[in-house]
Amino acid sequence: MTFSETYKDEIAEILSRYPVKRSALIPLLYVAQRDQGYVTESAMKDIAQILKLTPPQVYETITFYTMFNLKPVGKYHLQVCKSLMCALVGSDTVIEWIKTKLGIAPGESTADGLFSLSVVECLAACGTGPMMQVNEDYYEQLTEEKLDRILSDLRSTGTSPLKSGPFMWPEPASAEQGV
Amino acid sequence: MPKHELILLKNMMRPGYTGSLADYEKTGGYQALRMSLGKIVPTDVTAMVRKSGLRGRGGAGFPTGVKWGFLPKDYQGPRYLCCNADESEPGTFKDRQLMERDPHQVLEGIVLACYAIGAETGYIYIRGEMVLASKILERAIDEARAAGYIGKNILGTGVNADVWVHRGAGAYICGEETALLESLEGKRGLPRIKPPFPATHGLYNKPTVVNNVETLANLPHIINRGPEWFAAIGSPPKSTGTRVFCVSGHVKRPGNYEVPMGMTVRELVYEYAGGMRSDKPLKAIIPGGASAPFLTPAHLDVKLDFEHVAAAGSMLGSGGVTVMEEGTSMVWAALRLMEFFYHESCGKCSPCREGSSWLVQTLRRILAKRGRMEDLETLLDLCKNIAGRTVCAFGDAEVAPIQSTLKHWRQEYVELINEAEAANLIRPEPVRH
């Protein structure tokens, strides 16, 4: 079954949000990536057809954005922020720790296909650095102990209770601001 | 600890506040919408916002009501409101909190803005990485739609305004308003040449307003309590209201602090953020996100408002205040920021695309103690040939870390180069043919 047949209803709902079809390009690429873990060539062609675009138009757009994968990545994609604000509070140590623990460098995946490591720029969590994003979740205020626990949780259950919930920092108890 | 009234963070400071529609309504949520739709004409809503002095909280600080006033009055076709939730400026993390903890406050602001400008569709362009925030917003939109605050015939007034979340996909430049529109149209996020401005030629070439999350979140409060109330807060007449400052770096209590504009850097850093993490002296401050030039301890008493920060040689920008302690290498700090800008340059303009690469390479060489004294002039020369020569303000932003660190801490660059010379590590002169 093709991409457009599998997600017929979802595609129709996405298209209904926009008066111009092409606007649905990024949302449809997300659907394709969710399906396979990366955007396949056949999905790109399918999306081009849905949106009345040429495949190169889809390709030129997809290559501009960093969140789309054009090849498979590990089941858990660890993306560690290296920008100045996280670096000031220890992101380089976090990256080194992950490299040592998993035996992979940024841009590589573990042999079992479980983890991929990327070093990325600012993820808007500067007050709670060092931080990383794993698939759709943020993990903040990382320490070596927390990293060990997160990696172990991901291996065993696929998620970790250490992920960040709705963001509030500092927490009201420590904020001491007048209300 | 000085006490003052919170506006935007007030609800979320209440114990047990979940950000649900029921919680938001209990705190007076959506009253501004009830007071406005069909009761105050849209032009009067715009007039109130103009009178409040509200300026954009995304970076540029343009007066919001004035921006709305640029939309053509006699245009009969569709208009659009885009909420800029593409928070990507290093040092800034306030919009994420506003969206995740009190999404209805943002949504009420969006619907009010739609009403004021006559838009029946609003898009929240949220940075792709913020998956949780986008899910929370989508859930809140569903709640608001079911309660009649969003959609067709809102509260039976005949006003229509639908709101959709649109996730970006990891490109800092999409926070620039015209690049955001290009991206929302399904293209590469390349900035457009202005004019024409989005007010007349925006999304799908239609009249469009792009406003930041924090800007929009202020609207319900301005309507509820009146523009005069808002205009009296902060540093009137040009910097009114509060600002959610994001404090990061070497402080004891990093986080988002909402304070009236005009508070000094010293108060924010030492009283709110708890002072320096290791009790080392403060060395450097970035007052408004990565695009803002660095300030020094001599600027601790600068007031955090648009005018005073500009007079000190920097800018209030997105409100991201990053603090660095003594011992931090300023060449390294400049390099880290330059690596960000090099990575995120969209590539449309040669000075930015090529220049950012040269700046990074030169800084890396100096830091690796392989620099030459003439590199310092080369850096400044490159900066001069990037700033002001690009389609968008990205070029101006990327030279800020270098120009300001060279201005305040030139000696650090010189020492690294002197060490290189002493160790005879200077690269040989290139062969010239």
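Convention: sequence-line order gives letters A, B, ...; per-chain numbering from 1. Nothing here was measured: the structure is a model prediction, and the numbers come from that model.
Side-chain contact, B:Asp102 with B:Tyr17: a donor N or O sits under 3.5 Å from an acceptor N or O. Looking at B:Ser278 and B:His250, their side chains never bring a donor and an acceptor atom within 3.5 Å of each other.
Applying the salt bridge (charged side-chain N to carboxylate O under 4.0 Å, His left out) definition to pairs two or more places apart or across chains, those involving residues 103-124 of chain A are A:Lys82-A:Glu121.
Between A:Glu96 and A:Lys99 there is a salt bridge, since a side-chain N of the basic residue sits under 4.0 Å from a carboxylate O of the acidic one. A:Arg34 has a carboxylate O that lies under 4.0 Å from a charged side-chain N of A:Glu10, or vice versa, which qualifies the two as a salt bridge.
Residue contact with chain B, scored on non-hydrogen atoms closer than 4.5 Å, involves the side chain of A:Ile26 exclusively. For chain A, no part of B:Leu98 is nearby; none of its heavy atoms comes within less than 4.5 Å. For chain A, the nearby part of B:Tyr123 is the side chain; its heavy atoms alone come within less than 4.5 Å. Only the side chain of B:Glu344 comes within contact range of chain A, judged by heavy atoms closer than 4.5 Å. Only the backbone of B:Val165 comes within less than 4.5 Å of a heavy atom in chain A; its side chain stays farther off. In this structure, the portion of B:Met324 lying under 4.5 Å from any heavy atom of chain A is its side chain and not its backbone. For chain B, the nearby parts of A:Glu60 are the backbone and the side chain; heavy atoms of each come within less than 4.5 Å. The contact between A:Tyr18 and chain B is made by backbone and side chain atoms together, counting heavy-atom distances below 4.5 Å.
With chain A as partner, the option from B:Ala171, B:Gly255, B:Gly128, B:Pro90 having the largest number of non-hydrogen pairs under 4.5 angstrom is B:Pro90. Counting heavy-atom pairs under 4.5 Å between each of A:Val58, A:Thr61, A:Leu25 and chain B puts A:Thr61 at the top. Chain B forms more heavy-atom pairs under 4.5 Å with one residue of A:Thr128, A:Asn135, A:Leu53, A:Thr63 than with any other, namely A:Thr63.
Of the residues A:Val134, A:Leu78, A:Leu114, the one that meets the side chain to side chain contact (heavy atoms under 4.5 Å, CB included) test with A:Leu151 is A:Leu78.
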